K.L.:
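First, the structure itself, so that you have it in front of you.
Hydrogens, waters and symmetry mates play no part in the numbers below; they use all other heavy atoms, side chains included. Numbered from 1 within each chain, the chains take letters A, B, ... in sequence-line order. As the structure is a prediction and not an experimental result, all values here were calculated from the model.
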Amino acid sequence: MSDSAVPGAADRGVEGVEGEERDDLNKAESAQIRARSLRLLGSLIRPMRVKLALSIFVVVISTISQVAGPSIIAYGIDTGLPALLNADWMPVSLAGLAYLLAGITGAGLIAWFTVLSAQISQAILFDLRRRVFLHTQRLSLEFHESYTSGRIISRQTSDLDAIRELLDSGINQLVQGVLYMVFTAVALFLLDVESGFILLGALVPLAVLTRWFQLRSQRLFRRTRVASARLIVKFVESMTGIRAVKAFRTEKRNEDEFGGLVEGHRETNARVIKVFGIYDPGLVLIGNVAVAVVLLVGGFRVIDGGMEIGVLLAAVLYTRRFFDPMEDMAMFYNGYQSATAALEKISGVLEERPSVPDPERPVDLWAASGAVAFEAVDFGYVEDRPILPPFDLRIPAGQTIALVGSTGAGKSTLAKLISRFYDPSHGRITLDDVDLRDLHPKDLRRAIVMVTQEAYLFSGTVADNIAIGKPEASRDEIIEAARAVGADEFIRGLPNGYETDVNKRGGRVSAGQRQLISFARAFLANPAVLILDEATASLDIPSERLVQDALQTLLADRTAVIIAHRLSTVSIADRVLVMEHGRIIEDGSPAELIGGTGRFAQLHASWRESLV
Amino acid sequence: MPEVSTPDVAETTTAGTVATLSRLRPYAAKALPRIYLAMVVTLLASAVALTIPQVLRWLVDGPLADGDVTQLWIAFGIVLGLGVLEAILIGLRRALVLTPGTHVEARMRNALFAHLQDLPVSFHDRWPSGQLLSRAVSDLNLIRRWLAFGLVLLVVNVLTLIGGLIIMVTLNWVLGLIFAAAAVPVIAYGFSFERKYSDVARRSQDQAGDLATSVEESVHGIRVLKAFGRGRYALKRFENQAEQLRGTEIEKAKAIAGIWLYLTLIPDLAFGVCLVVGVWLASTGQSSVGELVAFFATATVLLFPIWSMGYFLAMTLDAKTATLRFFEVMDSENTITDPAAPVTIEGGAGELVFDDVHFRYQDAPAAFPDLIDGVSLTVRPGETMALVGLTGSGKSTLTALTTRLYDVTGGAVRVDGADIRSLSRADLRTRIAMAFEEATLFSTTVRENVLLGRPDATEAELREALDIAQASFVDDLPQGLDTKVGEEGMSLSGGQRQRLALARAIAARPSILVLDDPLSALDVDTEALVEAALRRVLARTTALIVAHRPSTVALADRVALLENGRVTAVGTHSELLATSEHYRFVISSLEGERAPQMTELDQKGARS
Ligand SMILES: Nc1ncnc2c1ncn2[C@@H]1O[C@H](COP(=O)(O)OP(=O)(O)OP(=O)(O)O)[C@@H](O)[C@H]1O
Ligand SMILES: Nc1ncnc2c1ncn2[C@@H]1O[C@H](COP(=O)(O)OP(=O)(O)OP(=O)(O)O)[C@@H](O)[C@H]1O
Ligand SMILES: [Mg+2]
Ligand SMILES: [Mg+2]
């Protein structure tokens with residue numbers, strides 16, 4: 001994930017998103033990445049092969065009818081004209097009719113092909129979008145935290161744009177262009193072999209030039225993907241934190257920084273374009289020289305009487321036409337290079353394996369009782385920085401635990417382990433004696449639900465946000481959940497009640513209201529194990545009281561871990577755990593601990609004092 | 001799409017394509033001369049391409065008929081020379097246009113970013129993030145490509161076609177006119193295509209923006225989605241949107257297929273007719289074979305420009321839509337701006353006054369009373385005022401008014417006697433520093449995050465701020481102050497984030513501190529330590545502190561109670577406990593777990 005040397009890195013090469021920003025990929029690494037992206041491309045195209053075959057068939061016929069054009073004209077002039085001089089209208093009418101017919105078929109088929117190829121490319125894009133979305137959802141928090149949202153967003157937006165650009169016009173250009181060229185070449189050979197060979201000769205410099213372009217542009221295109229990702233990261237972050245940006249007057253600094261990124265992006269783009277600016281006229285040059293040579297050689301033959309004028313004319317036209325799609329083809333190749341650079345990045349993300357993987361042979365657990373156990377568990381976010389030293393902990397089904405301790409002690413970390421946001425470094429965590437790592441993800445998420453310290457709301461209605469707890473919930477259930485946590489009243493007071501859009505990140509409602517909505521969500525989910533991480537920290541005291549009441553009934557028959565700095569929670573707990581520096585230093589019933597002389601007794605005393 | 005922007009959208013789509021695109025002029029001004037030059041160069045290239053058939057005509061009618069080898073060599077030389085010239089001209093066109101295109105894109109992107117940062121928070125509340133992102137990235141990219149290719153080739157193609165037609169008419173006016181007549185139905189269809197395509201293009205770009213929003217939220221909200229195991233559910237919603245976009249894109253392709261049908265069919269029909277008529281003309285001697293040959297060669301050269309018209313037309317309409325979308329943001333007026341002649345306050349002790357302040361959010365229904373409904377409150381220099389009220393009573397809103405994140409809708413907020421709207425925003429925001437209820441950290445180092453408001457602070461000042469916020473944990477981080485805190489500070493604990501945000505406000509050394517529930521994520525002990533340290537700072541700084549807990553209230557000299565949009569009581573904690581029933585309701589601790597003294601006090605208060 002990072003560039004740091006990982007054991008065995010040498011044989012794995014650049015796996016996943018590793019080396020994504022590196023500019024100095026060696027040949028093997030570059031080839032590895034290329035191969036990976038082509039594999040992805042292959043797997044995207046494979047399901048489309050029938051449609052693709054059909055569309056190629058369509059375009060073959062349409063191109064044949066287009067290519068027929070010059071031959072028909074040649075026939076019209078060489079045969080039709082002399083015939084007409086003898087008052088024979090037949091050949092020239094035939095030629096006219098043939099031209100019309102070819103025109104109609106060609107045009108109709110091209111139109112059909114356009115729609116067909118759009119269907120294909122849109123299906124491919126849809127498939128790719130879906131895959132990336134699903135995969136990023138699967139990847140663990142560890143990945144998300146180091147990769148940053150901006151980069152994931154850029155993979156799913158600007159990188160996909162690059163691929164879309166290719167597919168949009170590219171397939172059209174490619175298939176049509178190639179066929180047009182092949183048929184033109186074949187027609188030329190049929191018409192006049194010698195001119196055909198001249199054309200073939202022109203392919204040699206063409207190949208050389210293309211190879212040069214490929215080598216030069218590949219690295220540059222990789223750089224543009226990195227540059228645009230950086231741009232997006234900065235953009236997203238500045239817009240997300242706009243309040244802080246304004247309050248602390250960082251607009252100017254941001255503009256400078258963003259301006260630097262924009263310039264970097266512009267420069268790489270300009271360099272790509274320059275390389276292309278040599279490639280494209282180079283192709284035109286090759287084509288034009290070929291035309292001149294065909295003309296010269298043909299001219300000699302006409303003078304020698306070895307060739308008819310009509311044939312020479314057609315040969316020149318064909319040669320010219322052969323190179324006509326060249327500019328389109330060059331654009332296609334350009335788009336292709338850009339799209340593969342994007343595919344390289346995307347395939348890297350898709351290659352990442354979640355550090356919290358789904359079990360291979362999942363154990364089903366239909367109705368969990370809610371007994372949670374930590375067995376010799378220790379954990380650190382990064383190696384060599386243990387947050388939780390080895391410990392054991394048993395939480396019997398139905399018990400309500402209050403987890404308290406100073407900030408940074410590791411309470412949220414413990415909670416995240418129970419909800420399997422992370423896996424422990426050693427030891428195991430079980431639910432009803434099943435290792436969380438073996439539990440079917442569906443069962444795990446149904447059984448264990450956590451309300452995180454950050455109350456994140458999605459844009460959408462209040463009802464939608466609550467329904468995340470249980471997507472199939474009826475409106476009545478949603479209202480019931482809201483009522484239970486004391487959110488119903490304020491929701492009804494919103495302009496459109498439950499249908500009010502909460503705006504991005506729930507900015508439309510107050511911090512306390514956000515917490516109430518998150519809480520209603522968890523209430524609706526109705527899990528066997530409920531984890532509340534500071535779920536009431538932003539609430540006023542009367543609302544908190546309502547929530548406490550709701551909890552009392554809600555928690556009667558389920559396991560709960562409640563993290564709170566306000567010790568009022570303790571009143572509904574069966575057991576209190578006190579954490580300091582990652583260690584559970586006290587464990588007992590509230591009465592026991594308050595009565596003692598330990599850390600909790602002292603915390604509780606300070607808390608009582610603070611109430612005055 | 002935000003509802004608010006829909007009306008202007010409907011209105012602006014009707015604006016003409018040319019009128020819309022010409023709005024790009026200010027950004028493209030520097031590039032325009034080169035673009036015009038590129039058109040000339042491209043035109044020359046096309047002229048060269050059109051000259052080749054003329055040489056052919058001369059060759060067929062002259063040297064070939066006569067069998068003149070020298071002339072043949074000359075013809076070859078000319079064709080070759082013209083070919084090389086064409087390649088050079090095409091290269092020149094690219095050199096002229098492409099780099100300036102990237103400059104235009106960069107200029108527009110910077111302008112958009114600057115404008116977005118300048119626009120008020122209310123704008124950002126309304127606009128989905130993905131819509132902004134898609135404008136900043138995809139739309140501008142589209143505009144660049146249009147400027148570099150689309151515009152030049154569209155103009156040049158049209159001119160080439162006109163030039164070609166003129167040549168054809170001079171070659172043979174009957175055939176030329178037949179060919180020209182074919183343009184009429186094509187042009188007629190073009191108009192209906194413009195309307196249809198503009199429509200779909202708009203829809204597709206908007207839907208792409210919505211999709212970007214979904215992507216962004218799925219990543220930012222990953223913890224919720226994981227906690228509830230709703231990855232699949234989010235995928236469903238995403239798929240629905242992606243499906244819609246796919247439908248729109250296919251509709252777009254159908255529109256393009258329609259115009260292509262016309263663009264390929266009609267010239268071919270004209271070609272067929274010309275063939276028959278041309279041969280007949282030649283047979284009656286009204287035209288030479290060479291003329292006929294040149295005519296068809298010219299027509300062939302014109303075929304590609306005709307076909308590609310569909311492509312460039314579509315591209316132009318895409319660019320038009322992108323331009324519209326860009327200007328939707330750029331035209332959004334900033335309602336919170338600096339005054340023309342900002343007042344400067346010398347020194348300033350830091351008095352903060354709310355004078356009959358009214359405020360309502362834009363989307364509040366008319367029937368609702370103002371959210372802030374006449375708040376009058378004076379926070380004296382050096383005084384610490386706590387702001388207490390129920391969830392949703394408007395405390396955060398009131399704090400946001402002090403730095404003009406929103407502007408009051410009535411009354412005024414004054415700092416040291418000056419209406420804050422008469423100060424420059426930068427000045428105001430230097431005087432007042434805020435800590436928000438949700439600690440917003442950026443993915444840079446701890447140091448940069450803390451020094452956000454005052455990048456030039458000394459190490460000692462930085463240390464002091466960290467000490468007051470009890471943020472000594474930063475020294476235990478892997479790289480100390482230079483540790484990157486990760487996106488939104490997610491690699492820190494909740495309380496650690498909050499303390500950094502607090503340290504940031506303190507480090508800014510404002511004369512007024514506005515803290516929104518700054519201690520909510522701290523444990524009791526740390527809270528007490530922060531409070532003790534804060535008291536020292538607060539002795540010399542004016543402060544407005546939103547509080548939910550009695551312990552935070554204890555920091556304050558006086559407390560203001562916000563109720564139904566008004567400040568209904570101001571006084572010390574014990575005064576209010578004694579006199580205000582609502583205050584007791586808001587601040588008194590939980591039943592059952594209430595400390596005994598507290599219960600007594602409550603009862604006393606209730607009786608009195
Ligand atoms: N994603 C992460 N990556 C690296 N370190 C982390 C990460 N999340 C938390 N930490 C570190 O782990 C330690 C424990 O954090 P945790 O969030 O568990 O604390 P907490 O007890 O919940 O504190 P609080 O009461 O402030 O929320 C802290 O020192 C924190 O800096
Ligand atoms: N951007 C917004 N647009 C429209 N209404 C809003 C917006 N932000 C908040 N509101 C509404 O205004 C009211 C006051 O919100 P505010 O955030 O000021 O409350 P608060 O007193 O800070 O509450 P809390 O204690 O929960 O933080 C709430 O009812 C909320 O729904
Ligand atoms: Mg925590
Ligand atoms: Mg608030």
K.L.:
B:Arg223 vs A:Thr452, test: side chain to side chain donor-acceptor pair (under 3.5 Å). Steps then yes/no.
P.N.:
CA-CA 8 Å; B:Arg223 286 173 188 77; A:Thr452 53; over 6 Å; no
K.L.:
Could you look at B:Asp517 and say if it's the side chain, the backbone, both or neither that has a heavy atom under 4.5 Å from chain A?
P.N.:
side chain
K.L.:
Can you tell me how far CG of A:Leu134 sits from OG of B:Ser218, rounded to the nearest 0.5 angstrom?
P.N.:
10.5 Å
K.L.:
With only heavy atoms counted, which part of B:Leu211 is less than 4.5 Å from chain A, the side chain, the backbone, both or neither?
P.N.:
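Just the side chain, heavy atoms under 4.5 Å.
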K.L.:
How many angstroms lie between CG in B:Asp268 and CD1 in A:Ile104, if you round to the nearest 0.5 Å?
P.N.:
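Rounded to the nearest 0.5 Å, the CG-CD1 separation comes out at 9.5 Å.
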K.L.:
Under 3.5 Å, side chain of B:Lys226 to main-chain N/O of A:Gln137, donor-acceptor pair present?
P.N.:
yes
K.L.:
Applying side chain to side chain donor-acceptor pair (under 3.5 Å), can you list everything that pairs with A:Thr407, at least two apart in sequence or on another chain?
P.N.:
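A:Thr407 satisfies side chain to side chain donor-acceptor pair (under 3.5 Å) with B:Arg499 only.
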K.L.:
By a 4.5 Å heavy-atom criterion (distance strictly below it), what part of B:Thr403 contacts chain A: side chain, backbone, both, or neither?
P.N.:
neither
K.L.:
Within the side chain of B:Asp523, is there an N or O that forms a donor-acceptor pair under 3.5 Å with the backbone of A:Ser406?
P.N.:
no
K.L.:
Going from CG on B:Leu265 to CG on A:Leu100, what distance comes out if it is rounded to the nearest 0.5 angstrom?
P.N.:
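Reported value, rounded in 0.5 Å steps: 9.0 Å.
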K.L.:
Which pair of heavy atoms, one from A:Gly241 and one from B:Phe442, lies closest together, and at what distance?
P.N.:
O-CZ, 3.7 Å
K.L.:
Could you tell me which non-hydrogen atom of A:Thr157 sits nearest to which non-hydrogen atom of B:Ala212, and how far apart they are?
P.N.:
CG2-CB, 3.9 Å
K.L.:
Can you say whether B:Val279 sits under 4.5 Å from chain A via the side chain, the backbone, both, or neither, judging by heavy atoms?
P.N.:
both
K.L.:
Which bit of B:Ser134 is near chain A, if near means a heavy-atom gap under 4.5 Å: side chain, backbone, both or neither?
P.N.:
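Neither the backbone nor the side chain of B:Ser134 comes within 4.5 Å of chain A.
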K.L.:
Quick check on B:Asp516 against chain A: is it the side chain, the backbone, both or neither that has a heavy atom closer than 4.5 Å?
P.N.:
neither
K.L.:
Please look at B:Arg232 and chain A and tell me whether the side chain, the backbone, both or neither of the residue comes under 4.5 angstrom of a heavy atom of that chain.
P.N.:
side chain
K.L.:
Between B:Pro267 and chain A, which part of the residue has a heavy atom less than 4.5 Å away: side chain, backbone, both or neither?
P.N.:
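When you check distances to chain A, no heavy atom of B:Pro267 falls under 4.5 Å.
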K.L.:
Checking A:Gln156 side chain against B:Val215 main chain: does a donor-acceptor pair fall under 3.5 Å?
P.N.:
no
K.L.:
Can you tell me which portion of B:Phe296 sits under 4.5 Å from chain A's heavy atoms? Options are side chain, backbone, both or neither.
P.N.:
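Just the side chain, heavy atoms under 4.5 Å.
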K.L.:
If you apply the rule side chain to side chain donor-acceptor pair (under 3.5 Å), what do you find for B:Asn110 with A:Glu255, and how did you get there?
P.N.:
CA-CA 7 Å; B:Asn110 281 325; A:Glu255 267 166 46; over 6 Å; no
K.L.:
How would you list, by chain and number, every residue that makes a ring-ring contact (aromatic ring centres under 6.0 Å, His included) with A:Phe300, sequence neighbours excluded?
P.N.:
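Scan of A:Phe300 (ring-ring contact (aromatic ring centres under 6.0 Å, His included), adjacent residues dropped) gives B:Trp73.
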K.L.:
Hey, does the side chain of A:Asp540 reach the backbone of B:His548 with a donor-acceptor pair shorter than 3.5 angstrom?
P.N.:
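Not a single qualifying donor-acceptor pair exists.
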K.L.:
For the NE2 atom of B:His220 and the NE2 atom of A:His144, what is their distance to the nearest 0.5 Å?
P.N.:
11.0 Å
K.L.:
What distance do A:Asn269 atom CG and B:His103 atom NE2 have between them, rounded to the nearest 0.5 Å?
P.N.:
11.5 Å
K.L.:
How close do B:Ala227 and A:Arg445 get, counting heavy atoms only, and between which atoms?
P.N.:
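Shortest heavy-atom separation between B:Ala227 and A:Arg445 comes out as O-CD, 4.1 Å.
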K.L.:
Could you report the tightest heavy-atom contact between B:Gln117 and A:Ser238, atom names first, then the distance?
P.N.:
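Minimum heavy-atom separation between B:Gln117 and A:Ser238: OE1-CB, 4.5 Å.
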K.L.:
Is there a donor-acceptor contact under 3.5 Å from the side chain of A:Lys246 to the main chain of B:Asp118?
P.N.:
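Yes, because the side chain of A:Lys246 sits within donor-acceptor range (under 3.5 Å) of the backbone of B:Asp118.
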K.L.:
Is there a donor-acceptor pair closer than 3.5 Å between any side-chain N or O of B:Arg109 and the backbone N or O of A:Gly259?
P.N.:
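Pair absent, no side-chain N/O of B:Arg109 close to backbone of A:Gly259.
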K.L.:
Just so I understand: if I count every heavy-atom pair under 4.5 Å between each of A:Lys274, A:His265, A:Glu534, A:Lys442 and chain B, which residue has the most?
P.N.:
A:His265
K.L.:
Checking the side chain of B:Arg94 only, and the main-chain atoms of A:Phe276 only, is there a donor and an acceptor separated by less than 3.5 Å?
P.N.:
no
K.L.:
By a 4.5 Å heavy-atom criterion (distance strictly below it), what part of B:Glu217 contacts chain A: side chain, backbone, both, or neither?
P.N.:
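For B:Glu217, backbone and side chain are both near chain A.
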K.L.:
Mind listing the closest non-hydrogen atom pair of B:Phe228 and A:Ala525 along with its distance?
P.N.:
CE2-CB, 3.9 Å
K.L.:
Hey, is the main chain of B:His124 close enough, under 3.5 Å, to the side chain of A:Lys504 for a donor-acceptor pair?
P.N.:
yes
K.L.:
With a 4.5 angstrom heavy-atom cut-off, is it the side chain or the backbone of B:Ala95 that approaches chain A, or both, or neither?
P.N.:
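Interface part for B:Ala95: neither.
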K.L.:
When only pairs under 4.5 Å are counted, which of A:Ala537, A:Gly299, A:Ala118 shares the most heavy-atom pairs with chain B?
P.N.:
A:Gly299
K.L.:
Determine yes or no for a side-chain-to-main-chain donor-acceptor pair under 3.5 angstrom, with B:Lys254 supplying the side chain and A:Thr114 the backbone.
P.N.:
no
K.L.:
Using non-hydrogen atoms and a 4.5 Å limit, figure out which bit of B:Phe473 sits close to chain A: side chain, backbone, both or neither.
P.N.:
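No part of it gets close to chain A.
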K.L.:
Tell me, for B:Ala208 versus chain A, whether the close heavy atoms (under 4.5 Å) come from the side chain, the backbone, both or neither.
P.N.:
neither
K.L.:
Give me the atom names and distance for the closest heavy-atom approach of B:Ala508 to A:Phe248.
P.N.:
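That would be CB-CE2, 4.4 Å.
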K.L.:
Below 4.5 Å, heavy-atom pairs only: which of A:Arg130, A:Met239, A:Arg508 has the largest tally toward chain B?
P.N.:
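Greatest number of close heavy-atom pairs with chain B: A:Arg130.
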K.L.:
Going from CZ on B:Phe76 to CG on A:Leu295, what distance comes out if it is rounded to the nearest 0.5 angstrom?
P.N.:
8.5 Å
K.L.:
Less than 4.5 Å to any heavy atom of chain A: does that hold for the side chain of B:Ser443, its backbone, both, or neither?
P.N.:
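For B:Ser443, backbone and side chain are both near chain A.
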